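These notes concern the structure reproduced below.
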Amino acid sequence: MNRFTNSIHVRKPDNSDSHYESISMTAAYDFYSAEEAYERFSGSAPGNVYSRFTNPTVDFFEKKLAAYEQAEAAISVSSGMAAYLIIAMTYLKQGDHVILASGIFGTTTHLYRQYFSQFGITATSVSVEDLDEWQNAIRSNTKMFIVESPTNPLMHVADLESISLLASHQNALFIVDNTLLSPIFQSPLSFGADLVLHSAGKFIDGQGRSVGGIIAGSQELISPLKANLRSSGVCISPFNAWIMSHGLDTLRARMLLHEKNTRNVYNWLKEHSNVNHIYTTLNPQHQSAHLIEKQQSGHAPILTLDISGGKNNAWKFINSLSLISRCTNIGAAKTMITHPTSTTHLRYTDKEKEMYGLTDGLVRICIGLEDYNDIIYDIKNALELVSSSNFISLEKTVS
Ligand SMILES: *Cc1c(COP(=O)(O)O)cnc(C)c1O
């Protein structure tokens, strides 16, 4: 045989004794016979067909996440936004109405306002904490409720059980974005969510290496999403699914350290700094403390500081940090900081920013896995540099 032919047809390695499963980096699959190809395509026999909609590594990731969320099934897709896209494509049609919690990820709101509106789908935003607003926003054509809890960056908390009751009374699907808490600290399905979704490049990946999304729920709700994937094609790369499936193995250990670090940084800030306010669910005086106690078994590692002096001081603080990265992502090993109103929330109008309490003095810190003393030291130095220009004082003044 020709050497090029020979090379192409070298037998596939048998990886069955590898301690870690190998990645199925394959677009397509071999069929033993023409009959078998027909059976798999028609669905009369199980097995892989094409990696746009079936792949063993992707399937492995889905099973692991479903186990964490105690869900019957899961489907992973190319990004968190693709998860929103495929849910809407599958479960909404022209003329339908959706209720969005205010303060959800900005791009989710944008997706509905800018794009789904082109297909005759309308959306209303309501305050996440105000159940009367939820009730009043319901119309006869309301088909879906979308919630994030807690919201980012202001850490508002939704009453999942009460909203789920409103949704089921209306026969609407209740979707909960669980990215911030991960399945380790919150199980939305147990509070009545129909589908729970994650931007999996955040805490599930855990080191900011990849982008992906995953949705978990009942087999009955996940199966139509899988059927849609065959046509919409918003599939995840098997490589990303592999990274994320092993991210899941260390998720619990990481979340516990993220939380411990956040608690220590928060306690230091409370004692030693003079920032106007610190938004976190760790605050015992949080207005939804009873819901936090009920719904969460831990806290998102996010501290949003309100720095007096508006954008000038917020930017000065950000630029004075040396350990903490200026990066809008969340959920990685490195601590990251961002200024929401000039980055992630730039597209909100002034009126919306005011309505949601998004002021120019806010900086959001996602606490990473470094030693917390080093994180505190960096924040302390940066606050001192800002206060040395007399805008804020570091130590609380004794009156
Ligand atoms: C990042 C994020 C998204 C979007 O996910 P991508 O994977 O970036 O598309 C959705 N929801 C929340 C809460 C997020 O943090």
Side-chain angles (χ1 to χ4, degrees), residues 80-81 83-84 87-88 92 96-117 121-139 142-167 170 172-181 186 188 191-193 195-197 199 277 279-281 283 286-289 291-292 295-296 300 302 304 306 328 330 338-364:
M81 292 323 299
Y84 280 105
I87 288 171
L92 295 175
D96 286 348
H97 172 251
V98 174
I99 308 180
L100 308 170
S102 66
I104 58 173
F105 190 66
T107 310
T108 308
T109 306
H110 193 70
L111 180 67
Y112 273 88
R113 298 234 179 111
Q114 182 75 28
Y115 298 104
F116 294 155
S117 60
I121 293 164
T122 49
T124 306
S125 293
V126 299
S127 159
V128 71
E129 280 148 342
D130 189 337
L131 286 173
D132 289 338
E133 269 192 46
W134 282 93
Q135 176 73 62
N136 294 335
I138 297 172
R139 304 181 196 159
T142 302
K143 293 288 159 54
M144 198 176 281
F145 289 35
I146 299 179
V147 158
E148 237 172 79
S149 185
T151 62
N152 181 11
L154 293 177
M155 301 288 119
H156 292 301
V157 173
D159 182 341
L160 297 179
E161 209 154 41
S162 299
I163 297 172
S164 96
L165 290 175
L166 290 176
Q170 170 67 16
L173 282 181
F174 181 34
I175 316 289
V176 177
D177 185 330
N178 203 24
T179 301
L180 255 64
L181 285 172
Q186 184 166 264
F191 294 103
L195 291 171
V196 49
L197 76 84
S199 169
H277 191 75
Y279 295 89
T280 168
T281 57
N283 178 359
H286 191 291
Q287 61 170 326
S288 302
L291 290 174
I292 294 168
Q295 294 170 184
Q296 303 183 191
I302 287 179
T304 300
D306 184 4
T328 53
I330 57 169
T338 184
H339 181 246
T341 57
S342 61
T343 59
T344 48
H345 294 68
L346 188 61
R347 282 189 290 201
Y348 281 118
T349 62
D350 287 345
K351 195 175 149 226
E352 284 169 328
K353 283 182 197 161
E354 194 189 312
M355 205 163 81
Y356 302 154
L358 292 162
T359 57
D360 286 335
L362 294 180
V363 296
R364 182 197 72 198

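Heavy-atom basis, side chains included; hydrogens, waters and symmetry copies ignored. Count residues from 1 along the sequence. It should be emphasised that the depicted structure is a prediction, and the values quoted were computed from it without experimental measurement.
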Glu129 CD to Ser149 OG distance, which is reported to the nearest 0.5 Å
8.5 Å
Which atom pair, heavy atoms only, marks the closest approach of Ala101 to Val128?
CB-CG2, 3.7 Å
Please report, to 0.1 Å, the donor-acceptor pairs under 3.5 Å made by any side chain of residues 351-358, with sequence neighbours excluded.
residue, atom, partner, partner atom, Å
Glu352, OE1, Thr349, N, 2.9
Glu352, OE1, Thr349, OG1, 3.3
Glu352, OE2, Arg113, NH1, 2.7

Please find the pair of heavy atoms, one from Leu166 and one from Gln135, that lie closest to each other, and give the distance.
CD2-OE1, 3.1 Å
Under the rule for salt bridge (charged side-chain N to carboxylate O under 4.0 Å, His left out), what residues qualify as partners of Glu161, not counting sequence neighbours?
Lys294
Taking the side chain as everything from C-beta on, heavy atoms only, tell me whether Ile104 gets closer than 4.5 Å to Val147.
no
Phe174 versus Ser164, closest heavy-atom pair with distance:
CD2-CB, 3.4 Å
For Tyr84, check ring-ring contact (aromatic ring centres under 6.0 Å, His included) against everything at least two apart and list the hits.
none
Of all pairs that satisfy side chain to side chain donor-acceptor pair (under 3.5 Å), the ones with a partner from residues 101-112, not counting sequence neighbours
His110-Arg347
OG1-CG distance between Thr341 and Asp360, expressed to the nearest 0.5 angstrom:
4.0 Å
Using atom types as modelled and distance alone, determine if a side-chain donor or acceptor of Gln295 lies under 3.5 Å from a backbone N or O of Ala158.
yes
Leu291 and side-chain contact (heavy atoms from CB on, under 4.5 Å): which partner among Thr281, Val157, Leu160?
Val157
Under a 3.5 Å distance rule, please check whether Gln170 uses its side chain to pair with a backbone N or O of Ile138 as donor and acceptor.
no
Considering all heavy atoms, the nearest Leu181-Ala300 contact:
CD2-N, 3.4 Å
In this structure, CG of Leu362 is separated from NE2 of His277 (nearest 0.5 Å) by 10.0 Å
Is there a donor-acceptor pair under 3.5 Å between the side chain of Ser199 and the backbone N or O of Thr179?
no
Only counting residues at least two apart or in another chain, list the ones meeting side chain to side chain donor-acceptor pair (under 3.5 Å) with His97.
Thr124, Thr142
Those residues that, when tested against Thr338, pass side chain to side chain contact (heavy atoms under 4.5 Å, CB included) (two or more places apart):
Thr328, Thr343, Arg364
Nearest heavy-atom approach of Arg139 to Thr122 is NH1-OG1, 3.7 Å
Could you list the residues that satisfy side chain to side chain contact (heavy atoms under 4.5 Å, CB included) with Asp130, not counting sequence neighbours?
Ser127, Asp132, Glu133
Hey, are the side chains of Asn136 and Val126 touching, using non-hydrogen atoms and a 4.5 Å cut-off?
no
Tell me every residue that passes side chain to side chain contact (heavy atoms under 4.5 Å, CB included) with Ala83, counting only those two or more places apart in sequence or in another chain.
Val77, Leu197, Ile215
Run the ring-ring contact (aromatic ring centres under 6.0 Å, His included) test against Phe105 and tell me which residues pass, sequence neighbours left out.
none
Under the side chain to side chain donor-acceptor pair (under 3.5 Å) rule, collect the residues that match up with Thr344, sequence neighbours excluded.
none
At what distance, to the nearest 0.5 angstrom, does CZ of Phe116 lie from CD1 of Ile121?
6.5 Å
What residues, two or more places apart in sequence or in another chain, satisfy side chain to side chain contact (heavy atoms under 4.5 Å, CB included) together with Lys143?
Leu92, Lys93, Asp96
Below 30° counts as parallel, above 60° as perpendicular, anything between as tilted: where do the rings of Trp134 and Phe145 land?
parallel
Excluding sequence neighbours, so at least two apart, what forms ring-ring contact (aromatic ring centres under 6.0 Å, His included) with His286?
none
In Å, rounded to the nearest 0.5 Å, how long is the span from CD1 of Ile302 to OG1 of Thr151?
9.5 Å
